[in-house]
Novice: 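Let me begin by handing over the structure; questions about it come next.
In what follows, chains are A, B, ... by sequence order, proteins preceding strands, each numbered from 1.
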Amino acid sequence: MIKITFPDGTVRDYKAGITGLELAKDISPALAREVLSVTVNGEVTDLTRPINSDASIRLHKWDDEEGKHTFWHSSAHLMAEAIEQLWPGTKFGIGPAIENGFYYDIEPGNGHELTDDDLILIENKMKELASRNQPIERREVSKQEAIAYFTKKGDEYKLELISELEDGTISFYSSGTFVDLCRGPHLPSTEPIKAIKVLSLAGAYWRGDEKRKMLTRVYGITFPKQKMLDEYLAFLEEAKKRDHRRIGKELELFTFSPKVGMGLPLWMPRGAEIRASLINFLTSILKKRGYKIVATPHIGNVNLYKTSGHYEKYGESSFRPISTPQEGEQFMLKPMNCPHHCEIYNATPHSYKDLPLRMAEFGTVYRYEQSGELHGLTRVRSFTQDDAHHFCRPDQLREEFKSIIDLVLYVFRLLNFNEFTAQVSLRDPDHKEKYIGTDENWERAERDIIEAAAEMNLSTVVETGEAAFYGPKLDFMVKDAIGRKWQLGTIQVDYNLPERFDLTYNGSDNQKHRPVMIHRTIFGSMERFVAVLIENSAGKFPLWLAPDKAVILPISEKYNDYAKNVLELLNNSDICTLIDERSEKIGKKIRDNELKRIPYLLIVGEKEEQTGTISVRRQGEGDKGTMKPEEFIKYIKEEIKREIAV
RNA sequence: GCCGAUGUAGCUCAGUUGGCCAGAGCAGCUGAUUUGUAAUCUGCAGGUCGGGGGUUCGAAUCCCUUCAUCGGCUCCA
């Protein structure tokens, strides 16, 4: 007998060799029908694997990430089986579950090139295979046997994967006719896979290396119920309506012009208004927190970037230097503001008493992103960072870093940005050549970040290989409408640039000391932040950010004069207001202006003119009653004050 | 940059196997209407069918090329 500990702490005796599925059946037949995988002593495994010794277990249903993961992983195998039957000789790379669904990287047999038309073929084949309720079976194999199998099959991708595995840890899973090298876990059979959608095709480099062959990646998603698939597809449709590129066009916030150049955003008046409001908002907070605002040029001598190390790292792959009539003289569009800020630091002597020094700039930078990477406002070639650099003594670093975390959290809270992930981005210890600086400084900086975050009780995820080339970062990530993650704020500890620029301060010992630098942004860039703001609000901005606060809708042209009086009154009170003088019915005017997401619609007709009032309608909410314009001004100002109660 | 897809009016989209002057709705402009809380009616105008080249008696439609966009990959100081 073995002892099984359940998540609620109860311990029960079972005979050795019992499986997760049998445990579920023992609890209830209903659970057995829904359970997808089981965690045994912290490892997620198959429901059909015998448990031979005392263990604590957790059964996973669809609602658990582990359950979904198992479901989609098995679905990837099902898709592979379908593809292999449709195009024999297909070679398979990897086929994991992802956040929403799964993919498989393949090289179709006989040189077949997959097109979108093939997606439906794959989908139908999958449905056919799934309906057979084939068991998915695990088999442990020796390395030799594994190599023999895939050598015979002629699949060099699997062979490469096997070559990196230890003998004795290799397992095969078979479902129907398809046998795959796989660690698992999997469903006991394909029976639960009821709803299937093969979504899209994409190219993906083998092992993520752009120097290696590009395989075809097939994306799909499956569900245990058709209704869930329908809901998911409906969600994707809905999300498209929140796409910032679409809303940006609808609400005339920004545009791009091929004549200006791809990836170079043009802010239209309404978008520029939002951008300016955000800058003003942040500037007022920065001043309260002891920042000094600076301004620097959009170009810098190429030697500046040779000193900083950016030229060596990015010089070849970015905008080319600008030549001047002066022989040998070259300038570059600035790809970041830090070197300029270092030179501001160097312009004056610094005492240990002056530090920390916080230097902020809304600095526009230029980076030659590859054409395929451009994406609306989130990935552009010219953008304005809400950049700042803190120059501090080593003993101040921890507190300084923590104060920035506090600032980021404070701003996010004011803006109702609750769904973010704090990510500690460390260097890849296997590829140290990609980074500059000494091991000692790197280890120190990484420790600083991890400990500062911990002291702030910030829950973080750690990603290795995501650091900047000069230092580790704490990144604040948020999701867009369809769940893609974007980095907004970032805080970076840097021991390198102070050395490269020979930054110093005089210590109490009257000796020269080296300050530490922290790079940080809150929004990341104005462009990306506005994009994320649009996607999260669906274009319905909080009142204080709305470019136009109100629109006056006269019932008929007879009341246009009265409407203009009100308009003047509101605009003179700093409430940006429009007027809709068209000869349309009031219902039409309301509809059109509701769709423009203007927060307040002010209706004036005979009644209002006679009593000197306006009828107030809140966008998305409806009629709020009648009030005097003066009352409305007070009302709206109160609301704005509440929204950004700093 | 790479893989796949797309590109028709300001916007959203139709356009059959190549065949008369390329269509609709919305937006715009006209005129009528003077309206009370999510679409009043009339008329008009608007497109070298992304650009360039080719095949053909004939191309939005087929081929080549180029640019841009979309979904991924790679990249993201």
Side-chain angles (χ1 to χ4, degrees), chain A residues 103 105 113-119 199-219 240 243 245-246 249-250 252 255-258 261-263 305 308-315 317-318 334-339 365 367-376 378-381 383 385 387 435-436 466-471 473 475 482 484 486-487 490 492 494 497 519 524-525 528 553-560 582-595 601-608 615-620 622-624:
Chain A
Y103 66 79
D105 283 348
E113 283 188 15
L114 286 184
T115 68
D116 284 359
D117 295 337
D118 293 324
L119 297 181
L199 292 164
S200 60
L201 292 175
Y205 299 108
W206 171 234
R207 315 218 79 180
D209 183 344
E210 71 180 318
K211 291 183 188 67
R212 304 196 66 178
K213 191 172 172 102
M214 179 164 269
L215 303 181
T216 304
R217 179 167 295 181
V218 187
Y219 284 92
K240 274 189 202 161
D243 190 310
R245 291 163 296 189
R246 175 174 171 155
K249 200 179 266 180
E250 279 172 11
E252 297 176 3
T255 189
F256 291 91
S257 153
M262 59 201 288
Y305 306 105
S308 70
H310 290 99
Y311 185 81
E312 193 192 354
K313 180 85 180 171
Y314 297 104
S317 58
S318 198
K334 77 172 164 185
M336 79 292 304
N337 305 297
C338 12
V365 297
R367 297 175 185 178
Y368 189 79
E369 306 292 4
Q370 293 186 74
S371 59
E373 290 157 356
L374 298 174
H375 183 97
T378 50
R379 199 75 190 276
V380 286
R381 285 177 172 171
F383 57 96
Q385 297 179 309
D387 205 0
Y435 308 91
I436 60 170
E466 293 293 315
F469 76 93
Y470 52 75
K473 315 185 283 176
D475 293 325
I482 61 171
R484 283 180 293 223
W486 296 95
Q487 177 201 310
T490 178
Q492 311 172 356
D494 183 2
L497 277 190
H519 308 245
S525 76
R528 185 176 288 179
L553 313 180
I555 295 281
S556 84
E557 287 171 9
K558 282 192 281 192
Y559 312 107
N560 280 0
R582 294 174 306 161
S583 161
E584 292 288 351
K585 290 171 80 168
I586 192 67
K588 168 79 162 169
K589 290 189 188 184
I590 286 170
R591 178 182 158 77
D592 288 350
N593 288 289
E594 282 272 342
L595 290 176
L601 312 187
L602 309 175
I603 292 140
V604 296
E606 187 181 3
K607 204 169 64 189
E608 287 78 11
S615 283
V616 179
R617 180 187 164 106
R618 176 80 218 215
Q619 194 269 351
D623 200 348
K624 293 282 171 191

Novice: Does A/E312 reach the main-chain N or O of A/G309 with its side chain, forming a donor-acceptor pair under 3.5 Å?
Specialist: no
Novice: If you only use heavy atoms from C-beta on, which nucleotide in B/C11, B/C75, B/U34 is closest to the side chain of A/K249?
Specialist: B/C11
Novice: What is the distance, to the nearest angstrom, from the CG atom on A/D387 to the C1' atom on B/A77?
Specialist: 11 Å
Novice: Any N/O pairs under 3.5 Å between the protein and nucleotides 43-53 of chain B? List them or say none.
Specialist:
none

Novice: Whole-Å distance between B/C76 C1' and A/E466 CD?
Specialist: 9 Å
Novice: Looking only at atom P, what distance separates B/U35 and B/U40, rounded to whole Å?
Specialist: 15 Å
Novice: Shorter than 3.5 Å, N or O on both sides, protein versus nucleotides 26-28 of chain B: list them out with atom names.
Specialist:
unit_1	atom_1	unit_2	atom_2	d
B/A27	OP1	A/K588	NZ	2.5

Novice: Could I get the full list of side-chain contact (heavy atoms from CB on, under 4.5 Å) partners for A/K313, not counting sequence neighbours?
Specialist: A/K434, A/F469
Novice: Would you say whether A/Y314 stacks on B/A77? The test is a distance between ring centres of less than 5.5 Å and an angle between planes of less than 30°.
Specialist: yes
Novice: Using the C1' atoms only, state how far B/C67 lies from B/U30, rounded to an integer number of Å.
Specialist: 39 Å
Novice: Check this for me: does the side-chain of A/E608 come within 3.5 Å of the base of B/G36 through a donor and an acceptor?
Specialist: yes
Novice: Restricting both atoms to N or O, compile the protein contacts to nucleotides 64-70 of chain B shorter than 3.5 Å, with distance only.
Specialist:
unit_1	atom_1	unit_2	atom_2	d
B/C70	OP1	A/R245	NH1	2.8

Novice: Between the side chain of A/K473 and the main-chain N/O of A/A468, is any donor-acceptor distance below 3.5 Å?
Specialist: no
Novice: Using the C1' atom on both, measure B/G50 against B/G7 and round to a whole Å.
Specialist: 6 Å
Novice: Has the side chain of A/R379 got a donor or acceptor that lies under 3.5 Å from a partner of the other kind on the base of B/C76?
Specialist: yes
Novice: Within the side chain of A/R381, is there an N or O that forms a donor-acceptor pair under 3.5 Å with the backbone of A/Y368?
Specialist: no
Novice: Rounded to whole Å, how long is the line connecting atom CD1 of A/I590 with atom C1' of B/A38?
Specialist: 7 Å
Novice: Distance between the P atoms of B/U56 and B/C70, in whole angstroms?
Specialist: 38 Å
Novice: Taking all non-hydrogen atoms of both residues, which atom of A/S371 and which atom of A/M262 are closest, and how far apart?
Specialist: CB-CE, 3.7 Å
Novice: Of all the heavy-atom pairs spanning A/M336 and A/Q385, show the shortest one and how long it is.
Specialist: CA-OE1, 4.5 Å
Novice: Just call it for A/R617: base, sugar-phosphate, or nothing, with non-hydrogen atoms closer than 4.0 Å on any strand.
Specialist: base
Novice: Nearest-nucleotide wise, let me know which of A/S317 and A/Y205 is further upstream toward the 5' end of RNA chain B.
Specialist: A/Y205
Novice: Work out how far the C1' atom of B/C75 is from that of B/G58, and round it to whole angstrom.
Specialist: 48 Å
Novice: Could you check how far CD of A/Q370 sits from P of B/U74, rounded to whole Å?
Specialist: 12 Å
Novice: From B/C76, B/A38, B/U74, pick the nucleotide closest to the side chain of A/E210?
Specialist: B/U74
Novice: Find which nucleotide of RNA chain B each of A/G620 and A/E557 is nearest to by heavy atoms, and output the residue with the more 5' nucleotide.
Specialist: A/E557
Novice: Does B/G36 have OP1 or OP2 sitting under 4.0 Å from an N or O in the side chain of A/K585?
Specialist: no
Novice: Hey, does A/G208 reach any base, or is it just sugar-phosphate, or nothing, if we go heavy atoms under 4.0 Å?
Specialist: sugar-phosphate
Novice: What distance separates A/E113 CD from A/D118 CG, expressed to the nearest 0.5 Å?
Specialist: 10.5 Å
Novice: Counting any heavy atom closer than 4.0 Å, what does A/G587 reach on the DNA or RNA strands: base, sugar-phosphate only, or nothing?
Specialist: sugar-phosphate
Novice: Find out whether A/L602 and A/L553 are in side-chain contact, i.e. whether some heavy atom of one side chain is under 4.5 Å from a heavy atom of the other.
Specialist: no
Novice: Looking only at atom C1', what distance separates B/G52 and B/C13, rounded to whole Å?
Specialist: 27 Å
Novice: Do you know the tightest heavy-atom contact between A/R617 and A/D623?
Specialist: CG-N, 4.0 Å
Novice: Return the value, rounded to whole Å, for the distance between atom CZ of A/R246 and atom P of B/G10.
Specialist: 19 Å
Novice: Using a 3.5 Å cut-off on both pairing distances, which stems of three or more Watson-Crick or G-U pairs include RNA chain B?
Specialist: B:1-7 with B:67-73, B:10-13 with B:23-26, B:50-54 with B:62-66
Novice: Is A/Y314 close to A/R367 at the side-chain level, that is, under 4.5 Å between some pair of heavy atoms?
Specialist: no
Novice: Any idea which heavy atoms bring A/D475 and A/T490 closest together, and the distance?
Specialist: OD1-OG1, 2.6 Å
Novice: Could you tell me if the side chain of A/D592 sits less than 4.5 Å from the side chain of A/E584, heavy atoms only?
Specialist: no
Novice: When you compare B/A60 with B/G51, how far apart are their P atoms, in angstrom units rounded to a whole number?
Specialist: 11 Å
Novice: What's the spacing between A/R217 CZ and A/Y103 OH if we round to 0.5 Å?
Specialist: 3.5 Å
Novice: Students often get this wrong, so: under 4.0 angstrom with heavy atoms, is A/K607 touching a base, only sugar-phosphate, or nothing?
Specialist: base
Novice: Have a look at A/D243 and tell me which of A/K240, A/R245, A/R246 forms a side chain to side chain donor-acceptor pair (under 3.5 Å) with it.
Specialist: A/R245
Novice: Does the side chain of A/K473 get closer than 4.0 angstrom to OP1 or OP2 of B/A77 through an N or O atom?
Specialist: yes
Novice: Distance criterion of 3.5 Å, no angle test: do you see the side chain of A/Y559 paired donor-to-acceptor with the base of B/G36?
Specialist: no
Novice: In whole Å, what is the span from the CD1 atom of A/I555 to the C1' atom of B/U37?
Specialist: 8 Å
Novice: Would you mind classifying the nucleic acid contact of A/S308 as base, sugar-phosphate or nothing, using non-hydrogen atoms under 4.0 angstrom?
Specialist: nothing
Novice: Where the side chain of A/S583 is defined as all heavy atoms beyond and including C-beta, which of B/U37, B/C75, B/A32 is the nearest nucleotide?
Specialist: B/A32
Novice: If you measure from the C1' atom in B/U6 to the same atom in B/U12, how many Å do you get, rounded?
Specialist: 15 Å
Novice: Atom pairs, N/O to N/O, protein against nucleotides 3-6 of chain B, distance under 3.5 Å?
Specialist:
unit_1	atom_1	unit_2	atom_2	d
B/C3	O2	A/G203	N	3.0

Novice: A side-chain contact here means heavy atoms from C-beta on lying under 4.5 Å apart; do A/K589 and A/P554 qualify?
Specialist: yes
Novice: What pair of heavy atoms forms the shortest contact from A/S308 to A/I436, and how long is it?
Specialist: O-CD1, 4.3 Å
Novice: Which whole-number value in Å describes the distance from A/R367 CZ to B/C76 P?
Specialist: 11 Å
Novice: Considering all heavy atoms of both residues, which atom of A/F383 and which atom of A/S525 are nearest to each other, and what is their separation?
Specialist: CD1-CB, 3.5 Å
Novice: Go through it in stages, so that I can follow the logic: the residues are A/Q492 and A/D494, the test is side chain to side chain contact (heavy atoms under 4.5 Å, CB included), and I'd like the CA-CA distance, side-chain angles, deciding distance and then a yes or no.
Specialist: CA-CA 6 Å; A/Q492 311 172 356; A/D494 183 2; 5.8 Å; no
Novice: With a 4.5 Å heavy-atom cut-off, do A/Y205 and A/E210 have their side chains touching?
Specialist: yes
Novice: Could you state the atom-to-atom distance from CG of A/D623 to P of B/G36 in whole Å?
Specialist: 14 Å
Novice: For the side chain of A/Q619 and the backbone of A/L601, is there at least one donor-acceptor N/O pair under 3.5 Å apart?
Specialist: no
